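No experiment lies behind these values; they were computed from the predicted model shown.
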Amino acid sequence: MKELVEIIAKSLVDAPDQVVVTETTDENTITVELTVAPDDMGKVIGKSGRIAKAIRTVVKAAASKGDKKVIVDIK
């Protein structure tokens, strides 16, 4: 999941070198934290959160074959 979020985020922002993705795994959940430059935050979130929702939808679809729930946190 980490690689998928990283590829999507780097293609959206102006400063791809400042994209940081961390992944933590618990019993039933995988938490993916996405951190971007402050100037690129709007590009990752989008109008009314549409791009952020799309990223979460793609990651959720990719994780559907597993048993764990995936949470994408944008900071």
*Which is it for Met1 and Thr31 under the side chain to side chain contact (heavy atoms under 4.5 Å, CB included) test, yes or no, and what are the steps along the way?*
CA-CA 9 Å; Met1 295 304 126; Thr31 304; over 6 Å; no

*Search all heavy atoms of Asp40 against all heavy atoms of Ala15 and return the closest pair with its distance.*
OD2-N, 3.1 Å

*asked:* So which atom in Gln18 and which in Ala37 form the shortest heavy-atom distance, rounded to 0.1 Å?
replied: OE1-CB, 2.7 Å

For the atom pair [atom1] ([X]) and [atom2] ([Y]), what is the distance rounded to the nearest 0.5 Å?
X: Lys10; Y: Ile8; atom1: NZ; atom2: CD1; result: 13.0 Å
X: Thr29; Y: Ile71; atom1: OG1; atom2: CD1; result: 5.0 Å
X: Ile74; Y: Thr35; atom1: CD1; atom2: OG1; result: 10.0 Å

*asked:* Just to verify, what does Asp73 make a salt bridge (charged side-chain N to carboxylate O under 4.0 Å, His left out) with, not counting sequence neighbours?
replied: Lys75

Could you give the side-chain donor-acceptor pairs of residues 20-28 under 3.5 Å, partners two or more places apart or in another chain?
| unit_1 | atom_1 | unit_2 | atom_2 | d |
| --- | --- | --- | --- | --- |
| Glu23 | OE1 | Lys2 | N | 3.1 |

Pair up each side-chain donor or acceptor in residues 41-53 with any protein partner under 3.5 Å, not counting sequence neighbours, and list the distances.
| unit_1 | atom_1 | unit_2 | atom_2 | d |
| --- | --- | --- | --- | --- |
| Lys43 | NZ | Asp14 | OD1 | 3.2 |
| Lys43 | NZ | Asp14 | OD2 | 2.1 |

*Ile7, Ile30: one ILVMFWY side-chain cluster at the under-4.5 Å cut-off?*
no

*Using a cut-off of 6.0 Å, state whether more than 12 heavy atoms not belonging to Asp17 lie near its atom CG.*
yes

